[in-house]
Novice: 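Would you mind keeping the following structure in view while I ask a few things?
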There are 2 protein chains.
Amino acid sequence: MKITSRFTVAVHTLLVIYLFGGERKTTSEFIAESVQVNPVVIRRTLLSLKAAGMIEVKAGSGGASIVKDLKDITLYDVYRAVDSVEGELFHFHENPNPACPVGKNIHSLLDGHLSDAQRAMENELKKTTLADLSGELAEKIRAQAPAQA
Amino acid sequence: MKITSRFTVAVHTLLVIYLFGGERKTTSEFIAESVQVNPVVIRRTLLSLKAAGMIEVKAGSGGASIVKDLKDITLYDVYRAVDSVEGELFHFHENPNPACPVGKNIHSLLDGHLSDAQRAMENELKKTTLADLSGELAEKIRAQAPAQA
DNA sequence: TCTTGTTGTAATCTTATTGATTACAGCTAT
DNA sequence: ATAGCTGTAATCAATAAGATTACAACAAGA
């Protein structure tokens, strides 16, 4: 099983707001066209990002803007903002038999190790900021620009 | 979304085979009673573990036994054996719009970082062997034993 | 103020994935 | 040959995610 695409959608959303925020109104519909998902999915994403204090959304007139320095937003922050994983990453079988010594102890035996693994993944996400990504993106766009006269 | 319970079921299965293998025949039904899942689920697990060279299953007469040193089986090996995650851990939105500079580059922008995160998690799983777990388990069982005369 | 475009949010539907369950052929040891 | 298991296919049910429809509330400009 995979981690929900809400996460990559949210990162995509932030980058679109950042890149186009200056020149046009970034509505849920506009963002949805870039991500290629239903606008309602984007609205839900925007709500999560707003709740996390990363963006501001204009009710009524429309459009979102970033209100936090991209240097201060890590991939982990976005991952958390949209609840990419609710609680534990690993799914345990629910009812191990407590009458069996293995069933009785399997949870306490594995929990620590599985938490460590999950934490290692999450810590890795903390290493990359949205500023890093927007920098990499700008570079790619520049490299892809048509040759100038 | 969470990682399938096949993983914890497989670890549980190996520990049951290890702990009871000496004194009784560890059939899929017996293991299923400890894990509390359907015996067919255990049979499928046994097939995976067998394919990974960790156990041997006696067709016909029944029962499984471990054929690889527990020191040489890490949690990562079990994780792989049962395909806990098929390929990528993170699920990408499928069709970002290539006509948008963000949609065009989002994949190459994120792939490396997401792979790093997944790898960090998997490397953490490599640190724990089944021998470690069986040792911890033995200790827990000893601590839980009723006081002796 | 009326109109238009947009957000916030609920409700429903579809699809995918899992694990549960049933069923049974084939094998092995007694 | 019999009884007990495994290997495996087929089906079913439950869960979760995203798609989609619908609409009230609201903000800004005509």
Side-chain angles (χ1 to χ4, degrees), chain A residues 1-10 12-13 16-17 20-21 24-33 35-52 55-65 82-96, chain B residues 1-10 12-13 16-17 20-21 24-33 35-52 55-65 82-96:
Chain A
M1 207 50 125
K2 293 165 182 289
I3 290 176
T4 173
S5 66
R6 280 201 299 270
F7 176 43
T8 58
V9 167
H12 190 147
T13 294
V16 168
I17 296 173
F20 291 95
R24 65 182 332 287
K25 193 163 66 169
T26 49
T27 65
S28 62
E29 184 136 2
F30 174 68
I31 299 169
E33 261 170 47
V35 181
Q36 297 263 57
V37 296
N38 194 284
V40 176
V41 172
I42 298 298
R43 285 187 216 138
R44 282 195 275 253
T45 302
L46 292 176
L47 288 182
S48 298
L49 297 176
K50 185 170 71 171
I55 65 171
E56 195 174 68
V57 181
K58 283 208 187 66
S61 59
S65 53
V82 298
D83 286 320
S84 305
V85 169
E86 16 35 293
E88 307 295 323
L89 176 62
F90 293 92
H91 185 195
F92 239 99
H93 46 294
E94 307 287 348
N95 306 303
Chain B
M1 206 51 124
K2 294 165 181 290
I3 290 176
T4 174
S5 66
R6 281 201 299 271
F7 175 43
T8 57
V9 167
H12 190 147
T13 294
V16 168
I17 296 172
F20 291 95
R24 65 183 331 287
K25 194 163 62 169
T26 49
T27 65
S28 61
E29 183 137 5
F30 174 67
I31 299 168
E33 262 170 46
V35 181
Q36 297 264 56
V37 295
N38 195 284
V40 176
V41 171
I42 298 297
R43 283 186 218 140
R44 282 196 275 251
T45 302
L46 292 175
L47 287 182
S48 297
L49 297 176
K50 185 170 71 172
I55 64 170
E56 195 174 68
V57 181
K58 284 209 186 65
S61 59
S65 52
V82 298
D83 286 320
S84 305
V85 169
E86 12 41 290
E88 307 296 322
L89 175 62
F90 293 91
H91 185 195
F92 239 99
H93 46 295
E94 307 286 349
N95 306 304

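Computed from heavy atoms alone, side chains included, the values below leave out hydrogens, waters and symmetry copies. None of the values given here were measured: they were computed from a predicted structure. Chain A is the first sequence line, chain B the second, and so forth, proteins listed ahead of strands; every chain is numbered from 1.
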Novice: Can you tell me how far P of C/dG8 sits from CD1 of A/Ile42, to the nearest Å?
Specialist: 13 Å
Novice: Kindly write out the residues that satisfy side chain to side chain contact (heavy atoms under 4.5 Å, CB included) with A/Ala51, not counting sequence neighbours, or none if the list is empty.
Specialist: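 A/Ala51: no side chain to side chain contact (heavy atoms under 4.5 Å, CB included) contacts found.
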Novice: Give the rounded distance in Å between these two atoms: NZ of B/Lys2 and P of C/dG19.
Specialist: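 Going from NZ in B/Lys2 over to P in C/dG19 covers 13 Å.
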Novice: Can you sort out the partners of A/Lys50 under side chain to side chain contact (heavy atoms under 4.5 Å, CB included), two or more places apart, ordered by chain and number?
Specialist: A/Leu47, A/Ile55, A/Val57
Novice: Test B/Ile31 against B/Phe20 for side-chain contact (heavy atoms from CB on, under 4.5 Å), laying out the working first.
Specialist: CA-CA 10 Å; B/Ile31 299 168; B/Phe20 291 95; over 6 Å; no
Novice: Donor-acceptor pair, distance only, cut-off 3.5 Å: does the side chain of A/Arg43 make one with the backbone of A/Ser28?
Specialist: no
Novice: Is A/Lys50 close enough to C/dG8 that one of its side-chain N or O atoms is under 4.0 Å from OP1 or OP2 there?
Specialist: yes
Novice: Which is true for B/Leu47 with a 4.0 Å heavy-atom rule: it touches a base, it touches only sugar-phosphate, or it touches nothing?
Specialist: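 Since only primed, P, OP1 and OP2 atoms lie under 4.0 Å of B/Leu47, the category is sugar-phosphate.
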Novice: Looking at A/Asn38, does any N or O in its side chain come under 4.0 Å of the phosphate oxygens OP1/OP2 on D/dT20?
Specialist: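 Answer is yes, contact under 4.0 Å.
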Novice: In this structure, how many angstroms lie between the P atom of D/dA27 and the CD atom of A/Glu56, rounded?
Specialist: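 Roughly 13 Å, once rounded to whole Å.
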Novice: Of all residues at least two apart in sequence or in a different chain, which pass the side chain to side chain contact (heavy atoms under 4.5 Å, CB included) check with B/Lys25?
Specialist: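 Per chain and number, B/Lys25 pairs via side chain to side chain contact (heavy atoms under 4.5 Å, CB included) with B/Thr27.
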Novice: Excluding sequence neighbours, so at least two apart, what forms side chain to side chain contact (heavy atoms under 4.5 Å, CB included) with B/Ser48?
Specialist: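 B/Ser48: side chain to side chain contact (heavy atoms under 4.5 Å, CB included) contacts with B/Val82.
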Novice: Between C/dT6 and A/Ser28, is there an OP1 or OP2 to side-chain N/O distance shorter than 4.0 Å?
Specialist: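 Result: no.
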Novice: With the criterion being N/O to N/O and under 3.5 Å, what pairs connect the protein with nucleotides 23-30 of chain C, and how long is each?
Specialist:
none

Novice: Using OP1 and OP2 only, check whether a side-chain N or O of A/Ser5 sits under 4.0 Å from D/dG18.
Specialist: yes
Novice: Quick check on DNA chain D: between B/Arg44 and A/Pro39, whose nearest nucleotide comes earlier from the 5' end?
Specialist: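 Whichever sits nearer the 5' end wins; that is B/Arg44.
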Novice: Quick test of your reading: applying side chain to side chain donor-acceptor pair (under 3.5 Å), list the pairs with at least one residue in residues 86-95 of chain A, sequence neighbours left out, ordered by first then second residue.
Specialist: A/His91-A/Glu94, A/His93-B/Thr8, A/His93-B/His12
Novice: Distance check: side-chain N/O of B/Arg6 vs OP1/OP2 of C/dG19, anything under 4.0 Å?
Specialist: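 Result: yes.
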Novice: Write down the distance between CD (B/Glu29) and P (D/dG4), rounded to a whole number of angstrom.
Specialist: 11 Å
Novice: Below the 4.0 Å mark, does C/dT17 have OP1 or OP2 next to a side-chain nitrogen or oxygen of B/Thr4?
Specialist: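 The answer is no; no side-chain N or O of B/Thr4 sits under 4.0 Å from OP1 or OP2.
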